[in-house]
> 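Next up is a structure, given as structure tokens.
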Amino acid sequence: MSAAARHAEPLFIGLDVGTQSVKLVAYEPRSRRIVATHGQPLELIAGNDGSREQHAQWWIDAIRACFGKLDPVQRAAVAAIGVSGQQHGFVPLDADGNVLAPAKLWCDTSTSGECDEIMSAAGGAARCVTLAGNPILAGYTASKLPWTRKHRPEVYAKLATILLPHDYVNFWLTGQRWMEYGDASGTGWLDVRTRTWSREMLAATDADTKLVDFLPPLVDADASFAIAPRIADELGLPHEVIVAAGGGDNMMAAIGTGNVAPGVLTMSLGTSGTLFACSDTPVVDENAGWAAFCSSTGGWLPLICTMNCTVATENVARLFGFSSRDGESVLEGTKPGADGLVMLPFFNGERTPNLPDARASLHGMDMANLTRGNVYRAAMEGATYALRNGFDALCAAGMTFDSIRLTGGGSHSATWRQMVADVFDLPVQVPEQAEGAAFGGALQALWAFERARGRDTTIATIAREHVRVDDATATRPDADAVAAYAAHYQRFLSFLDTAQTLYAPHPDTAG
């Protein structure tokens, strides 16, 4: 059979614009196959003040490279594209659509002072929750506006449109500007209960500027737009290709792991660590124990986000001179609790709990336990415990879960999969498609394609038909390890209490 015949069926592209790389998956729904996966690494501009930035052009160059690796016959079969993007990034455009400055990213903590200023202007963190469902935490888009006004006044003076990373990619693909509710809820300005911009939160960010005029229209999750003809030609795609609404990477990973109905819990072990669930109604916590986001499916996505996950394990691997790809062999001979070592893995500061100025620390060292295997395990355990701490808040609110869907780079580690099962005392499943966010983008593109043709298809139906788990990597809790981790987790919490005392946010904005 010729290549053309094999790829006569329409393909759906998922693009995930992350912090470390851009990933592309091409999915053929009829055969339930990923027919191609390509990636391109990204650089990061890191400053000692906590700033983390990227040039938006880097994302576009990486997308071009990914499409360039795709077989021309496959490119000719593309029907729709769905874009997943790192949340919270700030892409400032002028009136002509030119990018005015490097994009400040989700992991940028240089604007933590501006978080405090916005919340103080709004009446405190609790008032922010009342107004929009969320406080303004480190990394949220809102804080990047006053920072830009102070440090890049020439950019602020020319600002005409505020876009998030995935919005900018959509703008490049189509020439049109829009936001969807899931990613928009991570700005700090969207009232997640009503799905409208909070005028009060916008005013608290800049009382002298009508910021709502800088925000593009909000669209539904199943919306779609035509690709710009010149971009289609450049990428070798048909002019009939449509671009779905897209969403934040967590929202797309929810789709890609089948988390589109209540009762499912997804955990992503990537640069950041996330836990998220699906709800048919807004799930807002007055104590801000989690992010009360909208989903990219028309519902809501209560989410726990930690800013340090594989960041911790990668840092330890680099310190001891090995690759995290060899982590399983480094962990041989270690056991739950890392012989008493406890790491608070706050290398980037932290969002959950809200400790933007925190730093990582290692506790419980003695003459016997300070080995590279134990330190590496302590980093992995610390990242997992931080997520467990957020999980406890969800459970305290009455949410219950039967299993965990695991995705992200950490899901490739058998040790980490077992650790998650034991720390959370829940069975763990890993979807067959490891790139959950990119695959979610492809499935949302399929949904938008079906809806654009007048078919009454739901995203729940699509997820049920196309998301499959890998039985070979499924993991169940081990009773002895569950008990060992339960005791060690309490030690982690005691050290966390100390860190919260040392690094607590200013009392005027803490809520």
Side-chain angles (χ1 to χ4, degrees), residues 257 259 264-270 272-277 289-290 302-313 316 324 327-328 330-332 334-346 350 352-353 360 362-364 369 373-397 399-430 473-497 499:
T257 58
N259 193 344
V264 179
L265 180 69
T266 294
M267 179 187 298
S268 176
L269 302 177
S272 64
T274 51
L275 280 176
F276 42 88
W290 57 80
L303 178 144
I304 304 292
C305 178
T306 64
M307 299 183 77
N308 304 272
C309 192
T310 58
V311 164
T313 51
V316 171
S324 58
E328 294 296 291
V330 172
L331 289 167
E332 287 181 8
T334 64
K335 56 183 184 292
D339 286 336
L341 284 185
V342 179
M343 181 180 287
L344 300 183
F346 303 149
E350 193 46 86
T352 308
L362 187 63
H363 305 265
N369 67 10
N374 278 334
V375 177
Y376 190 63
R377 185 176 196 103
M380 191 176 287
E381 289 178 346
T384 307
Y385 291 153
L387 287 166
R388 167 64 193 270
N389 187 42
F391 172 79
D392 290 346
L394 293 177
C395 292
M399 301 187 75
T400 59
F401 307 99
D402 297 325
S403 65
I404 295 174
R405 297 279 178 97
L406 201 60
T407 186
S411 68
H412 302 309
S413 164
T415 301
W416 212 334
R417 292 195 298 269
Q418 186 64 55
M419 184 182 295
V420 169
D422 295 335
V423 169
F424 287 78
D425 196 15
L426 285 171
V428 167
Q429 299 173 314
V430 180
T473 57
T475 308
R476 300 192 66 82
D478 174 86
D480 291 339
V482 169
Y485 279 124
H488 198 243
Y489 174 56
Q490 294 304 313
R491 293 193 67 205
F492 172 87
L493 292 178
S494 68
F495 290 124
L496 179 59
D497 286 342

> On a heavy-atom basis, which atom in Val264 and which in Arg405 lie closest, and how many Å separate them?
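Nearest pair, atom of Val264 first, then Arg405: CG1-CG, 3.9 Å.
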
> For Asn369, does its backbone N or O pair with a side-chain atom of Asn374 as donor and acceptor, under 3.5 Å?
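Confirmed, Asn374 side chain pairs with Asn369 backbone.
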
> Report the C-alpha distance between Met399 and Leu265 in whole Å, list the side-chain angles of each, state the deciding distance to 0.1 Å, and finish with yes or no for side chain to side chain contact (heavy atoms under 4.5 Å, CB included).
CA-CA 10 Å; Met399 301 187 75; Leu265 180 69; over 6 Å; no

> Under a 4.5 Å cut-off applied to non-hydrogen side-chain atoms, are Gln429 and Ser403 in contact?
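Side chain of Gln429 against side chain of Ser403, heavy atoms only: contact under 4.5 Å found.
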
> Examine distances only and state if a side-chain atom of Glu381 and a backbone atom of Pro336 form a donor-acceptor pair shorter than 3.5 Å.
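No; zero donor-acceptor contacts below 3.5 Å.
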
> If you compare all heavy atoms of Gly289 against all heavy atoms of Thr352, which two are closest, and at what distance to 0.1 Å?
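Closest approach of Gly289 to Thr352, heavy atoms only: O-CG2, 4.3 Å.
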
> Identify which one of Thr310, Val316, Thr313 satisfies the side-chain contact (heavy atoms from CB on, under 4.5 Å) criterion when paired with Met380.
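Result for side-chain contact (heavy atoms from CB on, under 4.5 Å) with Met380: Thr313.
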
> Between Leu275 and Leu303, is any pair of side-chain heavy atoms under 4.5 Å apart?
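In short, these two side chains do not touch, never coming nearer than 4.5 Å.
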
> Over all heavy atoms of both residues, which pair between Arg491 and Gly340 is shortest? Give the atoms and the distance, please.
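Smallest heavy-atom distance, with atoms named: NH1-O, 3.0 Å.
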
> Got a sec, which residues hit side-chain hydrogen bond (donor to acceptor under 3.5 Å, both in side chains) with Ser268, two or more places apart in sequence or on another chain?
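Testing Ser268 for side-chain hydrogen bond (donor to acceptor under 3.5 Å, both in side chains), a comparison that skips the adjacent residues, returns none.
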
> Please examine the side chains of Ile304 and Leu394, heavy atoms only from C-beta on, and report whether any two atoms are closer than 4.5 Å.
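Side-chain contact under 4.5 Å: yes.
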
> Would a distance-only check, ignoring hydrogens and angles, find a side-chain to backbone donor-acceptor pair under 3.5 Å from Thr475 to Thr473?
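Pair found, side chain donor or acceptor close to backbone of Thr473.
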
> How far apart are the C-alpha atoms of Val430 and Thr407, what are their side-chain angles, what is the distance that settles it, and do they pass the side chain to side chain contact (heavy atoms under 4.5 Å, CB included) test?
CA-CA 6 Å; Val430 180; Thr407 186; over 6 Å; no

> Would you find more than 12 non-hydrogen atoms of other residues, nucleotides or ligands less than 6.0 Å from Asp402 atom CG?
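Open.
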
> Under a 4.5 Å cut-off applied to non-hydrogen side-chain atoms, are Leu387 and Leu269 in contact?
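With C-beta onward as the side chain, the pair touches.
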
> Please assess Phe492 against His363 for the test ring pair (Phe, Tyr, Trp, His ring centres under 6.0 Å), listing each intermediate value before the final yes or no.
CA-CA 9 Å; Phe492 172 87; His363 305 265; 9.3 Å; no

> Among Phe424, Phe276, Trp290, Tyr489, which residue satisfies the ring-ring contact (aromatic ring centres under 6.0 Å, His included) criterion with Phe391?
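One option only clears the test, and that one is Phe424.
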
> Please list, chain by chain and in numerical order, all residues satisfying side-chain hydrogen bond (donor to acceptor under 3.5 Å, both in side chains) with Thr266, sequence neighbours excluded.
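side-chain hydrogen bond (donor to acceptor under 3.5 Å, both in side chains) list for Thr266, sorted by chain: Thr257, Asn259.
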
> With Thr334, which residues qualify under side-chain hydrogen bond (donor to acceptor under 3.5 Å, both in side chains), at least two apart?
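For Thr334, the residues satisfying side-chain hydrogen bond (donor to acceptor under 3.5 Å, both in side chains) (neighbours in sequence not counted) are Arg377.
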
> What are the two closest non-hydrogen atoms of Arg417 and Leu406, and how far apart are they?
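Residues Arg417 and Leu406, closest heavy atoms: CG-CD2, 3.7 Å.
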
> Do the non-hydrogen side-chain atoms of Arg388 and Tyr485 ever get within less than 4.5 Å of each other?
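Of all side-chain heavy-atom pairs linking Tyr485 with Arg388, none is under 4.5 Å.
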
> Do Val423 and Tyr385 make a side-chain contact, defined as non-hydrogen atoms from C-beta onward lying under 4.5 Å apart?
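Yes. Closest side-chain heavy atoms under 4.5 Å.
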
> Any chance you could measure Thr274, atom OG1, to Met307, atom CE, to the nearest 0.5 Å?
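Reported value, rounded in 0.5 Å steps: 12.5 Å.
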
> Using the side chain to side chain contact (heavy atoms under 4.5 Å, CB included) rule, take Val375 and Leu362 through it: C-alpha gap first, then chi angles, then the decisive distance, then the call.
CA-CA 8 Å; Val375 177; Leu362 187 63; 4.3 Å; yes

> Give the C-alpha distance, both sets of side-chain angles, the deciding distance and a yes or no for side-chain hydrogen bond (donor to acceptor under 3.5 Å, both in side chains) between Asp478 and Gln418.
CA-CA 8 Å; Asp478 174 86; Gln418 186 64 55; over 6 Å; no

> Report yes if some heavy atom in the side chain of Tyr376 is under 4.5 Å from a heavy atom in the side chain of Thr415; otherwise report no.
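A side-chain contact under 4.5 Å is absent here.
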
> Mind listing the closest non-hydrogen atom pair of Pro477 and Asp422 along with its distance?
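Heavy atoms of Pro477 and Asp422 come nearest at CA-OD1, 3.3 Å.
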
> Looking at every non-hydrogen atom in both residues, tell me the closest pair between Cys309 and Gly270 and how far apart they are.
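Taking every non-hydrogen atom into account, CB-O, 3.0 Å.
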
> Given Trp416 and Thr384, is the side-chain hydrogen bond (donor to acceptor under 3.5 Å, both in side chains) satisfied, shown in steps?
CA-CA 9 Å; Trp416 212 334; Thr384 307; 2.8 Å; yes

> A side-chain contact here means heavy atoms from C-beta on lying under 4.5 Å apart; do Val420 and Ile404 qualify?
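A side-chain contact under 4.5 Å exists here.
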
> Is there a donor in the side chain of Ser413 and an acceptor in the side chain of Glu328, or the other way round, less than 3.5 Å apart?
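Distance-only check passes for Ser413 and Glu328.
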
